[in-house]
Amino acid sequence: MTQFTTDVEEAVRSIPAGEVRSYQAVARAIGRPGAARAVANVMARNIDPTVPCHRVIRADGKLGGYNRGGEEAKRAILLSEGYQC
DNA sequence: GCGCTGACTGTCA
DNA sequence: ATGACAGCCAGCG
């Protein structure tokens with residue numbers, strides 16, 4: 001586990017339920033603007049239940065991806081949390 | 001230390 | 001508006 005990963009997890013954990021943040025926004029929050037791809041990489045490899053990675057979507061409003069059932073599951077979770085996509 | 005990969009992003013055609 | 005291309009960053013072999 002690297003510091004970068006830890007920072008990403010913390011930033012994602014700070015996202016309130018029903019809200020979403022783009023990978024770029026998270027990257028900026030941890031002081032690495034432009035590292036959106038690296039952030040996505042952390043999400044993809046690190047499956048941590050303490051991190052609401054389903055609240056992290058693309059900057060264009062698309063869901064992006066999910067390691068636990070694909071975009072369908074992600075969309076379902078977001079809907080159940082109150083996020084209208 | 002080098003090069004490839006990916007749940008991305010912004011720009012151009 | 002939709003698709004293709006290039007740029008950026010961290011992790012891994």
Side-chain angles (χ1 to χ4, degrees):
Chain A
M1 198 65 70
T2 66
Q3 183 61 53
F4 178 76
T5 305
T6 306
D7 290 339
V8 172
E9 292 183 1
E10 187 177 86
V12 175
R13 239 177 269 136
S14 70
I15 305 175
E19 298 293 310
V20 294
R21 299 290 286 273
S22 66
Y23 295 94
Q24 193 174 48
V26 174
R28 240 182 338 201
I30 65 178
R32 288 291 180 290
R37 210 155 179 179
V39 172
N41 233 342
V42 174
M43 300 282 87
R45 305 279 194 169
N46 234 343
I47 306 175
D48 196 321
T50 65
V51 179
C53 47
H54 56 268
R55 292 182 195 153
V56 185
I57 65 175
R58 291 179 50 111
D60 56 349
K62 300 204 179 316
L63 294 184
Y66 201 53
N67 53 23
R68 290 209 160 178
E71 299 180 36
E72 321 170 26
K74 186 171 182 175
R75 178 161 26 83
I77 297 172
L78 288 175
L79 284 173
S80 68
E81 287 191 342
Y83 175 68
Q84 301 300 317
C85 46

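Quick note on labels: first sequence line is chain A, next is B, and so on, each numbered from 1.
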*Considering all heavy atoms of both residues, which atom of A:A27 and which atom of A:G34 are nearest to each other, and what is their separation?*
CB-N, 4.5 Å
*Grab the two heavy atoms, one from A:A38 and one from A:F4, that are nearest each other, plus how far apart they are.*
CB-CZ, 3.6 Å
Touch check for [X], heavy atoms < 4.0 angstrom, all strands: base, sugar-phosphate only, or nothing?
X     : answer
A:Y23 : base
A:A44 : base
A:A35 : sugar-phosphate

_Validation row: A:V51, A:M43 side chains within 4.5 angstrom (heavy atoms)_ = yes
Could you state the [atom1]-[atom2] distance from [X] to [N], rounded to the nearest angstrom?
X     : N      : atom1 : atom2 : value
A:E9  : C:dG11 : CD    : C1'   : 14 Å
A:D7  : C:dC9  : CG    : P     : 16 Å
A:R45 : C:dA10 : CZ    : P     : 16 Å
A:M43 : C:dC9  : CE    : C1'   : 15 Å

Would you compute the distance between atom [atom1] of [X] and atom [atom2] of [Y] and round it to the nearest 0.5 angstrom?
X     : Y     : atom1 : atom2 : answer
A:H54 : A:N67 : NE2   : CG    : 11.5 Å
A:I30 : A:Q3  : CD1   : CD    : 9.5 Å
A:I57 : A:K62 : CD1   : NZ    : 10.0 Å
A:R58 : A:L63 : CZ    : CG    : 10.5 Å

*asked:* If a pair means Watson-Crick or G-U wobble with both distances below 3.5 Å, what does DNA chain B look like in dot-bracket form, with | marking bases paired to a different strand?
replied: .|||||.||||||
*asked:* Could you tell me the boundaries of the chain A footprint on DNA chain B, defined by atoms under 4.0 Å from its heavy atoms?
replied: B:dG6 to B:dG10
*Give the C-alpha distance, both sets of side-chain angles, the deciding distance and a yes or no for side chain to side chain contact (heavy atoms under 4.5 Å, CB included) between A:N46 and A:M1.*
CA-CA 9 Å; A:N46 234 343; A:M1 198 65 70; 3.4 Å; yes
*Determine: side-chain N/O of A:T2 to OP1/OP2 of C:dA10, distance under 4.0 Å, yes or no.*
no
_Using OP1 and OP2 only, check whether a side-chain N or O of A:R32 sits under 4.0 Å from C:dA10._
yes
*asked:* Quick test of your reading of the model: are A:R55 and A:E81 salt-bridged, counting only N-O distances below 4.0 Å?
replied: yes
